[in-house]
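Here the structure is laid out as C-alpha coordinates; the discussion comes afterwards.
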Amino acid sequence: MSASPAVLMRLVASAFTVAEKAGAIVRKVLHSGELGIVEKTGANDLQTLADRLAQQSICASLSRSFPKITIIGEEDLPPEEIKEDLIESGHSEEILQKTCPAEYRDLKEEELVVWVDPLDGTKEYTEASKSLHHQTEAQIPNKVLDTSHSTALCLLDNVTVLIGIAYEGRAIAGVINQPFYNYQLGEGASLGRTMWGIPGLGAFGFQLQEVPGDRRIVTTTRSHSNKQVTDCVDAMEPHEVIRVGGAGNKIIQLVEGKASAYVFASPGCKKWDTCAPEALLHAVGGKLTDMHGNAYCYNANVKHMNSAGVLATLRNHEYYVSRVPQSVLQALKSD
(Lines give C-alpha, C1' and ligand atoms only; values in the text may rest on other atoms or scores of the structure.)
Protein backbone atom coordinates (compact mmCIF):
# COMPACT_ATOMS: atom_id res chain seq x y z
CA MET A 1 0.00 0.00 0.00
CA SER A 2 1.26 3.48 -0.78
CA ALA A 3 2.07 5.81 2.09
CA SER A 4 -0.93 7.97 1.20
CA PRO A 5 -3.97 6.15 -0.23
CA ALA A 6 -6.00 8.00 -2.87
CA VAL A 7 -8.81 10.23 -1.63
CA LEU A 8 -11.41 7.96 -3.23
CA MET A 9 -10.11 4.89 -1.42
CA ARG A 10 -10.01 6.77 1.90
CA LEU A 11 -13.57 7.99 1.34
CA VAL A 12 -14.86 4.50 0.49
CA ALA A 13 -12.98 3.02 3.47
CA SER A 14 -14.68 5.56 5.74
CA ALA A 15 -18.08 5.13 4.07
CA PHE A 16 -17.83 1.39 4.78
CA THR A 17 -17.58 1.84 8.55
CA VAL A 18 -20.03 4.75 8.52
CA ALA A 19 -22.59 2.56 6.70
CA GLU A 20 -22.08 -0.18 9.30
CA LYS A 21 -22.77 2.30 12.09
CA ALA A 22 -25.88 3.52 10.27
CA GLY A 23 -27.01 -0.10 9.97
CA ALA A 24 -26.59 -0.54 13.72
CA ILE A 25 -28.70 2.59 14.30
CA VAL A 26 -31.42 1.19 12.01
CA ARG A 27 -31.46 -2.07 14.02
CA LYS A 28 -31.49 -0.26 17.37
CA VAL A 29 -34.50 1.88 16.45
CA LEU A 30 -36.42 -1.17 15.22
CA HIS A 31 -35.67 -3.03 18.43
CA SER A 32 -36.92 -0.10 20.51
CA GLY A 33 -40.30 -0.16 18.80
CA GLU A 34 -40.35 3.67 18.86
CA LEU A 35 -40.05 4.48 15.17
CA GLY A 36 -41.14 8.13 15.24
CA ILE A 37 -42.87 7.85 11.86
CA VAL A 38 -43.59 11.00 9.83
CA GLU A 39 -45.43 11.02 6.48
CA LYS A 40 -43.54 13.15 3.97
CA THR A 41 -45.76 13.16 0.87
CA GLY A 42 -48.12 10.33 1.80
CA ALA A 43 -48.48 6.85 3.29
CA ASN A 44 -45.96 5.39 0.85
CA ASP A 45 -43.35 8.08 1.55
CA LEU A 46 -42.37 7.79 5.19
CA GLN A 47 -39.56 9.00 7.40
CA THR A 48 -38.62 7.37 10.70
CA LEU A 49 -36.30 8.16 13.58
CA ALA A 50 -33.92 5.64 12.00
CA ASP A 51 -33.86 7.65 8.74
CA ARG A 52 -33.10 10.83 10.66
CA LEU A 53 -30.43 9.44 12.99
CA ALA A 54 -28.72 7.38 10.28
CA GLN A 55 -28.51 10.38 7.94
CA GLN A 56 -27.15 12.60 10.70
CA SER A 57 -24.54 9.96 11.49
CA ILE A 58 -23.49 9.45 7.86
CA CYS A 59 -23.35 13.11 6.86
CA ALA A 60 -21.67 14.37 10.03
CA SER A 61 -19.11 11.55 10.06
CA LEU A 62 -18.10 11.96 6.41
CA SER A 63 -18.12 15.77 6.61
CA ARG A 64 -15.78 15.70 9.58
CA SER A 65 -13.26 13.46 7.81
CA PHE A 66 -13.72 14.99 4.34
CA PRO A 67 -14.80 18.61 4.80
CA LYS A 68 -14.61 19.52 1.10
CA ILE A 69 -16.92 16.86 -0.33
CA THR A 70 -20.52 17.64 -1.29
CA ILE A 71 -23.05 15.43 0.48
CA ILE A 72 -26.69 15.18 -0.60
CA GLY A 73 -28.98 13.21 1.72
CA GLU A 74 -32.55 12.10 1.18
CA GLU A 75 -33.97 13.58 4.34
CA ASP A 76 -34.53 17.32 4.60
CA LEU A 77 -33.35 17.83 8.16
CA PRO A 78 -32.93 21.10 10.07
CA PRO A 79 -29.36 22.00 10.99
CA GLU A 80 -28.61 20.94 14.55
CA GLU A 81 -25.82 19.88 16.82
CA ILE A 82 -24.96 16.22 16.14
CA LYS A 83 -24.32 14.08 19.19
CA GLU A 84 -20.81 12.66 19.39
CA ASP A 85 -22.10 9.12 19.75
CA LEU A 86 -23.43 9.37 16.17
CA ILE A 87 -19.97 10.12 14.77
CA GLU A 88 -17.99 7.26 13.21
CA SER A 89 -14.33 8.10 12.57
CA GLY A 90 -13.03 4.63 11.69
CA HIS A 91 -12.24 3.15 8.30
CA SER A 92 -11.80 -0.24 6.66
CA GLU A 93 -8.13 -1.21 6.50
CA GLU A 94 -9.00 -3.88 3.93
CA ILE A 95 -10.29 -1.24 1.52
CA LEU A 96 -7.22 0.95 2.05
CA GLN A 97 -5.08 -2.02 1.01
CA LYS A 98 -6.74 -2.08 -2.42
CA THR A 99 -5.21 -0.26 -5.39
CA CYS A 100 -7.26 2.66 -6.65
CA PRO A 101 -8.06 2.52 -10.40
CA ALA A 102 -5.69 4.84 -12.23
CA GLU A 103 -8.43 7.11 -13.57
CA TYR A 104 -9.55 7.97 -10.01
CA ARG A 105 -6.14 8.14 -8.33
CA ASP A 106 -5.73 11.92 -8.40
CA LEU A 107 -9.29 13.00 -7.61
CA LYS A 108 -9.71 15.76 -5.04
CA GLU A 109 -12.29 15.91 -2.26
CA GLU A 110 -14.04 18.92 -3.74
CA GLU A 111 -14.63 17.01 -7.02
CA LEU A 112 -16.69 14.29 -5.33
CA VAL A 113 -20.43 14.22 -4.65
CA VAL A 114 -21.84 11.76 -2.11
CA TRP A 115 -25.49 10.68 -2.40
CA VAL A 116 -26.96 9.25 0.81
CA ASP A 117 -30.12 7.22 1.39
CA PRO A 118 -29.92 6.50 5.12
CA LEU A 119 -32.73 3.91 5.03
CA ASP A 120 -33.86 2.58 1.67
CA GLY A 121 -37.05 0.53 2.06
CA THR A 122 -38.60 2.63 4.83
CA LYS A 123 -42.13 1.38 4.09
CA GLU A 124 -41.05 -2.25 4.50
CA TYR A 125 -39.11 -1.32 7.64
CA THR A 126 -42.20 0.20 9.25
CA GLU A 127 -44.44 -2.70 8.24
CA ALA A 128 -42.02 -5.25 9.67
CA SER A 129 -41.74 -3.28 12.90
CA LYS A 130 -45.51 -3.00 13.35
CA SER A 131 -45.97 -6.70 12.81
CA LEU A 132 -43.14 -7.73 15.11
CA HIS A 133 -44.10 -5.46 17.99
CA HIS A 134 -47.79 -6.20 17.61
CA GLN A 135 -47.22 -9.93 17.94
CA THR A 136 -44.84 -9.92 20.87
CA GLU A 137 -44.92 -8.04 24.15
CA ALA A 138 -41.28 -8.77 24.87
CA GLN A 139 -38.83 -6.25 23.48
CA ILE A 140 -36.64 -7.79 20.79
CA PRO A 141 -33.04 -8.18 22.00
CA ASN A 142 -30.45 -6.13 20.16
CA LYS A 143 -28.82 -9.06 18.37
CA VAL A 144 -31.76 -11.43 18.06
CA LEU A 145 -34.97 -11.38 16.06
CA ASP A 146 -37.84 -13.80 16.69
CA THR A 147 -37.90 -15.68 13.39
CA SER A 148 -41.37 -17.13 14.05
CA HIS A 149 -42.81 -14.00 12.40
CA SER A 150 -41.25 -14.85 9.04
CA THR A 151 -43.73 -12.89 6.89
CA ALA A 152 -42.84 -9.66 8.63
CA LEU A 153 -39.17 -10.45 8.88
CA CYS A 154 -38.71 -11.13 5.17
CA LEU A 155 -39.52 -7.44 4.62
CA LEU A 156 -36.34 -6.58 6.52
CA ASP A 157 -34.34 -8.00 3.59
CA ASN A 158 -35.63 -4.99 1.65
CA VAL A 159 -33.92 -2.50 3.97
CA THR A 160 -30.52 -1.04 3.01
CA VAL A 161 -28.27 1.92 3.79
CA LEU A 162 -26.91 3.49 0.59
CA ILE A 163 -23.81 5.69 0.18
CA GLY A 164 -22.94 6.49 -3.43
CA ILE A 165 -19.96 8.51 -4.66
CA ALA A 166 -20.00 10.38 -7.97
CA TYR A 167 -17.38 12.17 -10.06
CA GLU A 168 -18.22 14.30 -13.11
CA GLY A 169 -21.78 13.02 -12.96
CA ARG A 170 -20.87 9.32 -12.94
CA ALA A 171 -21.39 6.88 -10.08
CA ILE A 172 -17.84 5.70 -9.33
CA ALA A 173 -18.19 3.98 -5.95
CA GLY A 174 -20.98 2.54 -3.88
CA VAL A 175 -21.44 1.14 -0.38
CA ILE A 176 -24.57 -0.84 0.54
CA ASN A 177 -25.25 -2.02 4.08
CA GLN A 178 -27.99 -4.59 4.67
CA PRO A 179 -28.71 -4.17 8.41
CA PHE A 180 -30.79 -7.32 8.92
CA TYR A 181 -28.83 -9.77 6.77
CA ASN A 182 -28.64 -13.19 8.48
CA TYR A 183 -31.86 -12.72 10.48
CA GLN A 184 -32.92 -16.24 9.38
CA LEU A 185 -30.14 -17.75 11.51
CA GLY A 186 -32.02 -16.73 14.64
CA GLU A 187 -30.59 -16.44 18.12
CA GLY A 188 -26.89 -15.69 18.31
CA ALA A 189 -26.59 -14.58 14.68
CA SER A 190 -24.55 -11.48 14.00
CA LEU A 191 -26.79 -9.30 11.88
CA GLY A 192 -25.84 -7.20 8.87
CA ARG A 193 -23.39 -7.12 5.99
CA THR A 194 -21.76 -4.40 3.91
CA MET A 195 -21.13 -4.64 0.17
CA TRP A 196 -19.07 -2.17 -1.85
CA GLY A 197 -17.77 -1.68 -5.34
CA ILE A 198 -15.72 0.58 -7.61
CA PRO A 199 -15.90 0.14 -11.41
CA GLY A 200 -12.44 -0.86 -12.59
CA LEU A 201 -11.58 -2.44 -9.25
CA GLY A 202 -14.43 -4.84 -8.51
CA ALA A 203 -17.16 -5.47 -5.97
CA PHE A 204 -16.81 -7.09 -2.57
CA GLY A 205 -18.89 -8.42 0.34
CA PHE A 206 -21.07 -10.85 -1.63
CA GLN A 207 -20.84 -13.79 -4.02
CA LEU A 208 -21.64 -12.75 -7.61
CA GLN A 209 -24.18 -15.06 -9.23
CA GLU A 210 -26.26 -14.90 -12.40
CA VAL A 211 -29.72 -16.11 -13.34
CA PRO A 212 -29.40 -18.97 -15.88
CA GLY A 213 -29.21 -17.51 -19.38
CA ASP A 214 -32.50 -19.01 -20.54
CA ARG A 215 -34.49 -17.39 -17.70
CA ARG A 216 -35.85 -13.85 -17.49
CA ILE A 217 -36.73 -12.90 -13.92
CA VAL A 218 -37.85 -9.30 -13.43
CA THR A 219 -37.81 -7.54 -10.07
CA THR A 220 -39.99 -4.48 -9.68
CA THR A 221 -41.67 -2.26 -7.13
CA ARG A 222 -43.71 -3.72 -4.30
CA SER A 223 -45.67 -0.60 -3.31
CA HIS A 224 -45.42 1.96 -6.14
CA SER A 225 -46.90 0.06 -9.07
CA ASN A 226 -49.34 1.31 -11.72
CA LYS A 227 -50.56 0.20 -15.14
CA GLN A 228 -47.54 1.72 -16.86
CA VAL A 229 -45.13 -0.23 -14.64
CA THR A 230 -47.12 -3.46 -15.09
CA ASP A 231 -47.35 -3.05 -18.88
CA CYS A 232 -43.61 -2.52 -19.10
CA VAL A 233 -42.84 -5.54 -16.93
CA ASP A 234 -45.17 -7.69 -19.06
CA ALA A 235 -43.45 -6.46 -22.23
CA MET A 236 -40.19 -8.02 -21.01
CA GLU A 237 -41.90 -11.43 -21.31
CA PRO A 238 -40.58 -12.57 -17.93
CA HIS A 239 -40.71 -16.15 -16.72
CA GLU A 240 -41.13 -14.78 -13.19
CA VAL A 241 -41.78 -11.42 -11.50
CA ILE A 242 -40.48 -10.57 -8.01
CA ARG A 243 -42.03 -7.58 -6.24
CA VAL A 244 -39.85 -6.27 -3.44
CA GLY A 245 -39.09 -2.94 -1.76
CA GLY A 246 -35.97 -0.80 -1.94
CA ALA A 247 -33.78 0.09 -4.93
CA GLY A 248 -30.69 -1.17 -3.13
CA ASN A 249 -32.38 -4.50 -2.46
CA LYS A 250 -33.36 -4.88 -6.13
CA ILE A 251 -29.75 -4.44 -7.22
CA ILE A 252 -28.74 -7.08 -4.66
CA GLN A 253 -31.30 -9.37 -6.37
CA LEU A 254 -29.42 -8.83 -9.65
CA VAL A 255 -25.89 -9.45 -8.39
CA GLU A 256 -26.87 -12.51 -6.34
CA GLY A 257 -28.62 -14.28 -9.20
CA LYS A 258 -32.22 -13.89 -8.04
CA ALA A 259 -33.31 -11.55 -10.85
CA SER A 260 -32.21 -10.67 -14.39
CA ALA A 261 -33.58 -7.14 -14.57
CA TYR A 262 -34.93 -4.38 -12.34
CA VAL A 263 -37.75 -2.61 -14.18
CA PHE A 264 -39.45 0.50 -12.83
CA ALA A 265 -41.22 2.42 -15.60
CA SER A 266 -42.29 5.41 -13.50
CA PRO A 267 -40.86 8.46 -11.78
CA GLY A 268 -40.31 7.94 -8.06
CA CYS A 269 -36.75 6.77 -7.63
CA LYS A 270 -34.27 9.50 -6.70
CA LYS A 271 -30.53 9.89 -7.25
CA TRP A 272 -29.76 8.74 -3.69
CA ASP A 273 -31.67 5.51 -4.46
CA THR A 274 -29.56 4.65 -7.49
CA CYS A 275 -26.05 6.14 -7.13
CA ALA A 276 -24.57 3.50 -4.82
CA PRO A 277 -26.40 0.56 -6.45
CA GLU A 278 -25.37 1.73 -9.92
CA ALA A 279 -21.69 1.88 -8.94
CA LEU A 280 -21.84 -1.60 -7.41
CA LEU A 281 -23.62 -2.97 -10.48
CA HIS A 282 -21.13 -1.34 -12.88
CA ALA A 283 -18.27 -2.82 -10.87
CA VAL A 284 -19.44 -6.32 -11.88
CA GLY A 285 -20.22 -5.45 -15.51
CA GLY A 286 -23.90 -4.54 -15.13
CA LYS A 287 -25.75 -1.44 -16.23
CA LEU A 288 -28.33 1.01 -14.84
CA THR A 289 -30.09 3.54 -17.07
CA ASP A 290 -33.43 5.24 -17.52
CA MET A 291 -36.08 3.44 -19.59
CA HIS A 292 -34.67 5.00 -22.78
CA GLY A 293 -31.26 3.46 -22.10
CA ASN A 294 -29.69 6.80 -21.13
CA ALA A 295 -27.35 7.16 -18.17
CA TYR A 296 -28.33 9.27 -15.18
CA CYS A 297 -26.13 12.17 -14.06
CA TYR A 298 -25.11 12.57 -10.41
CA ASN A 299 -23.69 16.09 -10.39
CA ALA A 300 -24.49 18.16 -7.30
CA ASN A 301 -26.86 20.47 -9.19
CA VAL A 302 -29.06 17.88 -10.96
CA LYS A 303 -32.71 17.38 -10.08
CA HIS A 304 -33.14 14.60 -7.57
CA MET A 305 -35.96 12.68 -9.28
CA ASN A 306 -35.13 9.92 -11.79
CA SER A 307 -38.00 11.10 -13.99
CA ALA A 308 -37.58 8.54 -16.77
CA GLY A 309 -37.72 5.45 -14.58
CA VAL A 310 -35.03 2.87 -13.84
CA LEU A 311 -33.87 -0.12 -15.86
CA ALA A 312 -31.00 -2.15 -14.39
CA THR A 313 -29.48 -5.44 -15.52
CA LEU A 314 -26.46 -7.60 -14.86
CA ARG A 315 -26.36 -8.75 -18.51
CA ASN A 316 -28.23 -8.22 -21.82
CA HIS A 317 -29.24 -4.62 -21.10
CA GLU A 318 -29.97 -3.93 -24.76
CA TYR A 319 -32.62 -6.64 -24.89
CA TYR A 320 -34.55 -5.10 -22.01
CA VAL A 321 -34.26 -1.57 -23.43
CA SER A 322 -35.58 -2.86 -26.76
CA ARG A 323 -38.67 -4.31 -25.07
CA VAL A 324 -39.82 -1.06 -23.41
CA PRO A 325 -43.20 -0.16 -24.97
CA GLN A 326 -43.39 3.00 -27.05
CA SER A 327 -46.22 4.26 -24.83
CA VAL A 328 -43.89 4.09 -21.82
CA LEU A 329 -41.11 5.92 -23.65
CA GLN A 330 -43.52 8.68 -24.63
CA ALA A 331 -44.83 8.99 -21.07
CA LEU A 332 -41.35 9.12 -19.51
CA LYS A 333 -39.32 12.00 -20.88
CA SER A 334 -35.58 11.44 -20.55
CA ASP A 335 -33.71 14.03 -18.42
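For the numbers below, each heavy atom of this structure counts, side chains included, while hydrogens, waters and symmetry mates do not. In what follows, residues are counted from 1 in the order of the sequence shown.
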Between Glu278 and Lys271, is a salt bridge (charged side-chain N to carboxylate O under 4.0 Å, His left out) present by the stated rule, with each step listed? CA-CA 10 Å; Glu278 178 175 335; Lys271 299 297 187 296; over 6 Å; no
Any chance you could lay out the side-chain contact (heavy atoms from CB on, under 4.5 Å) test for Ile242 and Tyr262, step after step, and finish with the verdict? CA-CA 9 Å; Ile242 302 171; Tyr262 163 24; over 6 Å; no
Are Ser63 and Ile71 close enough, and set up right, to give a side-chain contact (heavy atoms from CB on, under 4.5 Å), and what steps lead you there? CA-CA 8 Å; Ser63 292; Ile71 303 177; 3.3 Å; yes
Chi angles and distances behind the salt bridge (charged side-chain N to carboxylate O under 4.0 Å, His left out) call for Glu127, Arg222: CA-CA 13 Å; Glu127 287 180 27; Arg222 174 177 172 267; 2.6 Å; yes
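Salt bridge Arg323/Glu237: present, at least one basic N to carboxylate O contact under 4.0 Å. Between Glu240 and Arg215 there is a salt bridge, with a side-chain nitrogen of the basic residue lying less than 4.0 Å from a carboxylate oxygen of the acidic one.
More than 12 heavy-atom neighbours from other residues, nucleotides or ligands sit within 6.0 angstrom of NZ on Lys21. Within 6.0 Å of CD in Glu94 there are 12 or fewer heavy atoms belonging to other residues, nucleotides or ligands. By the 6.0 Å contact criterion, CG on Asp76 is open, its count of non-hydrogen atoms from other residues, nucleotides or ligands being 12 or less. Annotation for Arg243: atom CZ does not count as buried by contact number, only 12 or fewer foreign heavy atoms lying within 6.0 Å.
Contact record, Arg64 with Pro67: O-CD, 4.1 Å, taken as the closest heavy-atom pair. Considering all non-hydrogen atoms of both residues, Trp272 and Gly73 come closest at CZ3-O, 3.9 Å. Here the shortest heavy-atom pairing between Ala171 and Pro199 reads O-CG, 4.2 Å. Closest approach of Leu119 and Ala50 over heavy atoms only: CD1-CB, 3.5 Å. When every heavy atom of His91 is checked against every heavy atom of Leu96, the shortest pair comes out as CD2-CD1, 3.3 Å. Looking at every heavy atom in both residues, Phe66 comes nearest to Val7 through CE2-O, 4.4 Å.
Under the 3.5 Å distance criterion, with hydrogens and angles disregarded, no donor-acceptor pair is assigned to the side chains of Glu88 and Ser61. Of the N and O atoms on the side chains of Thr313 and Tyr319, not one donor lies less than 3.5 Å from an acceptor on the other residue. For the residue pair Lys28 / Ser32, no side-chain donor-acceptor distance below 3.5 Å is found, with atom types taken as modelled. Side-chain contact check for Thr194 and Asn177: at least one donor-acceptor pair (N or O, by modelled atom type) lies under 3.5 Å.
At least one side-chain heavy atom of Leu112 sits under 4.5 Å from a side-chain heavy atom of Leu11. With contacts defined as side-chain heavy-atom distances shorter than 4.5 Å, the pair Ile198/Ile172 does not qualify. Within the 4.5 Å cutoff, the side chain of Asn182 has no heavy atoms near those of the Arg193 side chain. When side chains are defined from C-beta on, Asp120 does not count as touching Glu74, because their heavy atoms never get closer than 4.5 Å. Annotation: side chain of Tyr104 is not in contact with side chain of Met9 (no heavy-atom distance under 4.5 Å). Contact check for His304 versus Ile72: side-chain heavy atoms found under the 4.5 Å cut-off. Counting heavy atoms from C-beta outward, Leu201 and Trp196 have side chains that approach closer than 4.5 Å. Counting only heavy atoms from C-beta outward, the side chains of Ile165 and Val12 approach each other to under 4.5 Å.
For the pair Asn306 (side chain) and Gly309 (backbone), a donor-acceptor distance under 3.5 Å is absent. For Ser57 (side chain) and Leu53 (main-chain N/O), no donor-acceptor pair under 3.5 Å exists by modelled atom type. Here the side chain of Gln330 pairs no donor or acceptor atom with the backbone of Ser327 at under 3.5 angstrom.
Checked against Glu75 for a side chain to side chain donor-acceptor pair (under 3.5 Å), the options Gln56, Arg52, Gln55, Gln47 give a single hit: Gln47.
Ring planes of Tyr125 and Phe180: tilted class, angle from 30 to 60°.
Asp290 CG to Leu311 CG: the interatomic distance, rounded to the nearest 0.5 Å, is 8.5 Å.
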